[in-house]
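Per chain, numbering begins at 1; letters A, B, ... match sequence-line order. All values reported here derive from a predicted model rather than from experimental measurement. What's counted below: heavy atoms across the whole structure, side chains too, no hydrogens, waters or symmetry copies.
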There are 2 protein chains.
Amino acid sequence: MTDEGRRNVRDLRRANRARLLRQLYFHGPLSRQDLIQATGLSSASVSNVVADLLDAGLVVEAGAVESEGGRPRILLRVDTSCFEVIGIDVGETRIRLERFDLGLGELAALDLPVLDGTLDPEAVVPAIAAGLAELSAGATAPLLGVGIGVPGIVQHQPYAVIHGQTVGWDAFPLEERLRAHTRLPLFIDNGATTMAQAEMWFGAGRDVDSAVFLLLGSGAGASVIADGAPFRGSTTSAGEWGHLNVQYQGRRCRCGARGCLEAYVGAEAIIARYAEAEGSAKIVAADEEETLRQILALAEESGPAGDAARDVLDETAVRVGVGIANVVNFLNPQRVIIGGWAGLALAPSLLPRIREVVRDHALRLPYSLTSVDLGALGADAVARGAATLPVARLLEAGA
Amino acid sequence: MTDEGRRNVRDLRRANRARLLRQLYFHGPLSRQDLIQATGLSSASVSNVVADLLDAGLVVEAGAVESEGGRPRILLRVDTSCFEVIGIDVGETRIRLERFDLGLGELAALDLPVLDGTLDPEAVVPAIAAGLAELSAGATAPLLGVGIGVPGIVQHQPYAVIHGQTVGWDAFPLEERLRAHTRLPLFIDNGATTMAQAEMWFGAGRDVDSAVFLLLGSGAGASVIADGAPFRGSTTSAGEWGHLNVQYQGRRCRCGARGCLEAYVGAEAIIARYAEAEGSAKIVAADEEETLRQILALAEESGPAGDAARDVLDETAVRVGVGIANVVNFLNPQRVIIGGWAGLALAPSLLPRIREVVRDHALRLPYSLTSVDLGALGADAVARGAATLPVARLLEAGA
DNA sequence: ACAGGTTAAATCACGTCTCGAACTAAGTCA
DNA sequence: TGACTTAGTTCGAGACGTGATTTAACCTGT
């Protein structure tokens, strides 16, 4: 209802500057003429605002296009080297930190293993702080900020508090804790949301403005994008897709309820279901990723262990498909995109079956308007998306 | 991504005018001082813009507040009599047309029965046209437009086309057809969306900005409100809540799939389930509303017919509760509101049970941040909400 | 009844913004 | 070399919001 809008002519200027900057950021080198077309501003204003941006060092000239009989157009682009950002993926199996330039080109990365496979928040804070210090040290341009993608629900009140019911984080004040270790601006959001942001900016969602992103890892999350921006309910992160009830009185989920989707489709659940399945083989592996790969390999083999793997994977595809059909019916997105390390591992073999199930369970019209695809950015989408958060702020402010 | 924002100073003025108008519309008579507080504009600008609005006749003075030692504040309010609007609820059991003043006070109404209980689109058009003509004739102020709430998915391309898979409307070009009968601006949206809009403006959603509205009638729809505005996917209306799959290989739904929520919770489904139930009594009634009332009455009685009714209603509550829990987990709304004629009929007796089921199936945090309530506007919320559409346009334009 | 105080609303002078038009810059083509 | 074409800049005009100032309207106390 309340619209933090423009009030006076200065705000207007800020908004127009942000509009130009945004255009240049997302649609590559452009001439002033292109900007006039794209923004609807007059040539005078474009000249004027571009001069501002050039002065501020945010934008630089980038050659010229061939003339067609007149003065050649000078191309402009955002100077991606004028700032750097850090993105962090706090996953259930590892913590990954990456440093990027303003254009989200990767400059450095750091992987921290999660001890004992449990994500103790008290251990996470010093680990992140140390990683941050190490990555910051290498920066050659001012750091714009740090984005962090976490598992669970993020509540800004006003400092980010994490509720990770499935990983045992109970209202953990991550932002406040990290504040003690760094002066950089912090931007914290749900990991599925940051992944979605990355895919919207650079990946599978580049050409749409409403989409649903599914993050299949140990568990299953989602992020809903509406009109190009993440949907948020009363807290910062909506999208607990994994806890849609898909089976009344079904399997017990680690959240405590029964019949959650996550009790069937997360890597943890798949592994558990395989272990329980009749004829399954004992799997010895270092971690979940390795175990899941072995199940996928078994499904290629004949014999009871292979049958069991195929059964488990087929049910997984069905459950994922039904879960997607629900989303398609309910939200009618232009696209559904599957990501997360487990999603990326499973999708190649399961995608056809998933699409089939979606088709059978979705209403005709919403189904005809959507497509189910794989994420385009791979496993570091979460960290990259986290890094977009400070950049988004810059683009909105225009300075 | 694209932001249809303000570009020049004139747009700025328009936006500020809209901001003031909106404030006056929703927050009753206010003085210029109140407006300064609420909008953050300077007193000079408020004076200026208010003068504009007074000139345009949209706003009038409405007395003064008692002075406290200085010049008394003059109150301003929107002149609700300067325009009228018409709202139409195209329901599966009846078509209702209502004429309102700008403040959505009801001035006249008209009910059209649906022939044979089937909503033939070819019969609906002339019926609406005739009703419109009759209602328009009585208007004493210019008509701002006509809002129509329909069952099914609405696609603007660019004229509204209705896809009502469950009522047999297949890409029906309602807007184009009605265009032949009236020159008034037409605003067509899904009935659940218009109901939601009405509740957001005047009812159970007045004090929140994210909510999910459930429309229980013959079938079951929903509308999702995010940041005060309806969520829209790739078509105009998202929110086919009734076609969430809640039971793999469950009851056959009229949409063709199996296990849809609507196969359990809509009035049609409840009646069918009661008829199939063991020990149920034969019910003879004029229409669905009457039949549903009789089932509710039976549930108060002892004996097998009463047992059957109680069983059917309890399962209904469970299914609705699970459906709501799914929405709470996935979208994390500040409030879930049940409306529609069947919802309003069922809720008094089922609400406690529904809330219990929601609590058991929702994640703790989202559950603790939401509440499940009954719609506050009764059965004409759809028509009233439809009428808000032209008004919303006026408030956005500020003229 | 009237001065002094108080608060609301209108007015004024100023700075900023965008815009259209005129103008300058930098090429091509014959 | 000069006419032509297109890109980008500059300039004056018009519109807006703001803070300061002025006017309006009411109260209180004498």
Side-chain angles (χ1 to χ4, degrees), chain A residues 3-21 23-24 29-56 59-77 398-399, chain B residues 3-21 23-24 29-56 59-77 398-399:
Chain A
D3 161 36
E4 276 308 316
R6 343 251 105 116
R7 286 169 171 70
N8 55 36
V9 284
R10 282 192 101 123
D11 297 326
L12 187 60
R13 167 71 133 199
R14 229 196 312 278
N16 281 336
R17 194 150 86 149
R19 190 194 305 257
L20 282 194
L21 188 57
Q23 196 70 26
L24 284 172
L30 292 172
S31 69
R32 290 175 179 77
Q33 296 296 318
D34 300 327
L35 289 172
I36 293 167
Q37 288 279 325
T39 63
L41 290 170
S42 69
S43 68
S45 294
V46 169
S47 263
N48 208 330
V49 175
V50 164
D52 261 21
L53 291 170
L54 285 168
D55 271 0
V59 165
V60 291
E61 298 194 346
V65 294
E66 284 291 283
S67 162
E68 294 161 11
R71 176 174 173 174
R73 305 180 172 189
I74 295 172
L75 292 176
L76 303 162
R77 65 171 175 82
Chain B
D3 162 35
E4 277 308 317
R6 293 93 216 210
R7 289 169 168 70
N8 55 37
V9 283
R10 280 192 103 122
D11 297 326
L12 187 61
R13 167 71 132 200
R14 230 196 310 281
N16 281 336
R17 196 151 85 148
R19 190 194 303 258
L20 282 193
L21 189 57
Q23 197 69 28
L24 284 172
L30 292 173
S31 68
R32 291 175 178 79
Q33 296 297 317
D34 299 327
L35 289 171
I36 293 167
Q37 287 280 324
T39 62
L41 290 168
S42 68
S43 70
S45 295
V46 169
S47 264
N48 210 331
V49 175
V50 164
D52 262 20
L53 291 171
L54 285 168
D55 271 0
V59 166
V60 292
E61 298 193 346
V65 293
E66 283 291 283
S67 161
E68 292 161 11
R71 177 173 173 173
R73 305 179 172 190
I74 295 172
L75 292 176
L76 303 162
R77 64 173 176 81

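Comparing C:dT16, C:dG20, D:dA15 by their nearest atom to the side chain of A:Arg10 picks out C:dT16. Listed nucleotides C:dA26, C:dT18, C:dA9 differ in distance to A:Pro72; the shortest reach to its side chain belongs to C:dA26. Nearest nucleotide to the side chain of A:Ser31, out of D:dC26, D:dG8, C:dA21: D:dG8.
Note: B:Gln37 CD to B:Ser31 OG = 9.0 Å, rounded to the nearest 0.5 Å.
For the pair A:Ser43 and A:Val9, nearest-nucleotide mapping onto DNA chain D gives the more 5' position to A:Ser43. Both A:Arg14 and B:Val46 lie close to DNA chain C; mapped to their nearest nucleotides by heavy-atom distance, the more 5′-ward contact belongs to B:Val46. Comparing B:Gly69 and B:Leu41 along DNA chain D, the residue whose closest nucleotide (by nearest heavy atom) sits nearer the 5' end is B:Leu41.
Nucleotide C:dA26 holds its C1' atom 15 Å from the CD atom of A:Glu68, rounded to whole Å. For A:Asp52 and C:dT18, the CG to C1' distance is 14 Å, given to the nearest whole Å. The nearest whole Å value for the distance from the CG atom in B:Asp11 to the C1' atom in C:dT16 is 16 Å. For the pair A:Asp34 CG and D:dT6 P, the computed distance is 15 Å after rounding to whole Å. Between A:Arg7 atom CZ and D:dG19 atom P the separation is 12 Å, expressed in whole Å. Distance A:Arg71 CZ to D:dT6 P: 14 Å, rounded to the nearest Å. Residue B:Arg13 contributes atom CZ, which lies 20 Å from atom P of C:dT16 at whole-angstrom precision. Atom-to-atom, CG of A:Asn8 to C1' of C:dT16 comes out at 9 Å; the value is rounded to the nearest Å.
The backbone N or O of A:Ala51 sits nowhere less than 3.5 Å from a side-chain atom of A:Asn48 that would complete a donor-acceptor pair. A:Thr39 places a side-chain N or O within donor-acceptor distance of the main-chain N or O of A:Leu35, the cut-off being under 3.5 Å. Side chain of B:Arg17 to backbone of B:Gly398: a donor-acceptor contact under 3.5 angstrom is found. Between the side chain of B:Asn16 and the backbone N or O of A:Arg7 there is at least one donor-acceptor pair closer than 3.5 Å.
Minimum heavy-atom separation, B:Val46 to B:Arg32: CG1-O, 3.9 Å.
Look at A:Ser42 and you'll find a side-chain N or O under 4.0 angstrom from OP1 or OP2 of C:dC19. Residue A:Asn16 places at least one side-chain N or O under 4.0 Å from the OP1 or OP2 atom of C:dT18. An OP1 or OP2 oxygen of C:dT7 is reached within less than 4.0 angstrom by no side-chain nitrogen or oxygen of B:Gln33. Within the 4.0 Å cut-off from OP1 or OP2 of C:dA10, at least one side-chain nitrogen or oxygen of B:Arg32 is found. Residue A:Ser45 has a polar side-chain atom (N or O) positioned under 4.0 Å from OP1 or OP2 of C:dC19. Between B:Arg73 and C:dA8 there is a side-chain polar atom (N or O) within less than 4.0 angstrom of OP1 or OP2.
As judged by a 4.0 angstrom heavy-atom cut-off over every strand, B:Asn48 is placed among residues making no nucleic acid contact. Residue B:Ser47 is classed as a base contact, given a heavy-atom separation below 4.0 Å to a base.
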